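Contents: one structure, followed by commentary.
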Amino acid sequence: MITMYGIKNCDTIKKARNWLDNERVVYNFHDYKVSGVDKGRLEEWVMEHGWETILNRSGTTFKALDAGDKAHIDADKAILLMLANPSMIKRPILDTGKGTIVGFKATTYENALQGVKA
């Protein structure tokens with residue numbers, strides 16, 4: 001089963017969900033602002049893509065951190081920051097069952113999801 005992880009009111013999430021719906025791709029949506037995200041899943045994403053990709057440093061939540069929290073970030077610190085502030089997780093993260101896609105590009109989704117449309 002395909003699962004999209006993100007935050008319901010995010011504009012990029014809305015675009016990605018619209019694309020999936022228009023392409024008749026069946027998926028579950030996990031809102032980590034509502035349901036949280038577990039440390040093990042974050043660790044998997046960081047192992048697959050690197051913390052630099054998973055941690056959203058361009059968002060307002062990260063920018064609002066004090067300098068000490070922004071300094072000397074490594075994978076472990078990034079995971080702790082994202083657990084405490086799920087808004088700092090790059091979105092969407094689409095789990096295809098074969099791997100994950102971070103962010104949304106229609107061409108990337110099209111290539112990854114060939115053969116899974118309803």
Side-chain angles (χ1 to χ4, degrees):
M1 180 52 135
I2 296 170
T3 303
M4 177 182 286
Y5 294 86
I7 297 171
K8 188 177 183 178
N9 63 352
C10 169
D11 288 339
T12 306
I13 291 289
K14 290 176 186 175
K15 290 176 190 173
R17 292 186 77 181
N18 283 337
W19 187 92
L20 291 171
D21 292 341
N22 289 337
E23 295 296 320
R24 296 188 183 117
V25 175
V26 177
Y27 67 96
N28 289 321
F29 181 71
H30 179 98
D31 188 330
Y32 43 66
K33 197 83 155 177
V34 173
S35 303
V37 63
D38 64 65
K39 186 177 180 184
R41 186 154 324 267
L42 273 174
E43 289 171 342
E44 289 172 12
W45 294 340
V46 167
M47 284 178 54
E48 185 177 355
H49 299 283
W51 69 266
E52 298 90 342
T53 299
I54 303 300
L55 179 64
N56 180 8
R57 292 173 283 179
S58 63
T60 56
T61 305
F62 183 83
K63 290 178 181 179
L65 292 176
D66 64 48
D69 285 335
K70 292 180 188 177
H72 310 293
I73 296 177
D74 60 10
D76 292 333
K77 185 173 182 180
I79 289 168
L80 291 175
L81 287 170
M82 291 183 283
L83 283 171
N85 303 286
S87 295
M88 281 193 246
I89 302 170
K90 180 86 173 194
R91 22 189 211 271
I93 296 181
L94 188 71
D95 185 340
T96 67
K98 297 176 185 173
T100 55
I101 301 168
V102 180
F104 171 68
K105 279 186 149 185
T107 54
T108 303
Y109 274 35
E110 180 71 37
N111 292 333
L113 298 174
Q114 286 181 1
V116 298
K117 297 175 187 176

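Keep in mind it's a predicted model, so treat the numbers as computed, not measured. Numbers here are sequence positions counted from 1.
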Report yes if the side chains of E23 and L113 come closer than 4.5 Å at any heavy-atom pair, otherwise no.
no
Is there a path of hydrophobic side-chain contacts, each under 4.5 Å between heavy atoms of I/L/V/M/F/W/Y residues, joining I73 to M88?
yes
Side-chain contact test, heavy atoms from C-beta onward, threshold under 4.5 Å: evaluate it for L20 versus M4 and give yes or no.
yes
So, the side chain of H49 versus the backbone of T100: is there a donor-acceptor pair under 3.5 Å, distance only?
yes
Indicate the atoms forming the closest heavy-atom contact of V37 with L83, along with that distance.
O-CD2, 3.4 Å
Do I13 and K8 touch side chain to side chain, with heavy atoms closer than 4.5 Å?
no
How many angstroms lie between atom CH2 of W51 and atom CZ of R57, to the nearest 0.5 angstrom?
4.5 Å
To the nearest 0.5 Å, what is the distance between OG1 on T12 and CZ on R17?
13.5 Å
Measuring from atom SG of C10 to atom NZ of K90, what distance do you get when rounded to the nearest 0.5 angstrom?
9.5 Å
Check S87 against T61 and note the closest heavy-atom contact, atom names and distance.
CB-OG1, 3.4 Å
Going from OH on Y5 to CG on D31, what distance comes out if it is rounded to the nearest 0.5 angstrom?
12.0 Å
Note, N28 side chain near M1 side chain (heavy atom, < 4.5 Å)
yes
Inter- and intrachain pairs under side-chain hydrogen bond (donor to acceptor under 3.5 Å, both in side chains), touching residues 68-81, at least two apart:
none
Is there a path from M47 to I79 through hydrophobic residues (I, L, V, M, F, W, Y) whose side chains come within less than 4.5 Å of each other?
no
Do the side chains of F104 and L94 join up, straight or via other hydrophobic residues, at under 4.5 Å, putting them in one cluster?
yes
Kindly compute the distance separating CD1 (I7) from NE2 (H30), expressed to the nearest 0.5 Å.
10.5 Å
Contact check, side chains of I89 and W45, non-hydrogen atoms, under 4.5 Å:
yes
Taking the side chain as C-beta and beyond, is there a heavy-atom pair between K33 and N9 under 4.5 Å?
no
Can you tell me how far CD of E44 sits from CD1 of I93, rounded to the nearest 0.5 angstrom?
11.0 Å
Taking every heavy atom of F62 against every heavy atom of L55, the minimum-distance pair comes out as CE1-CD2, 4.0 Å
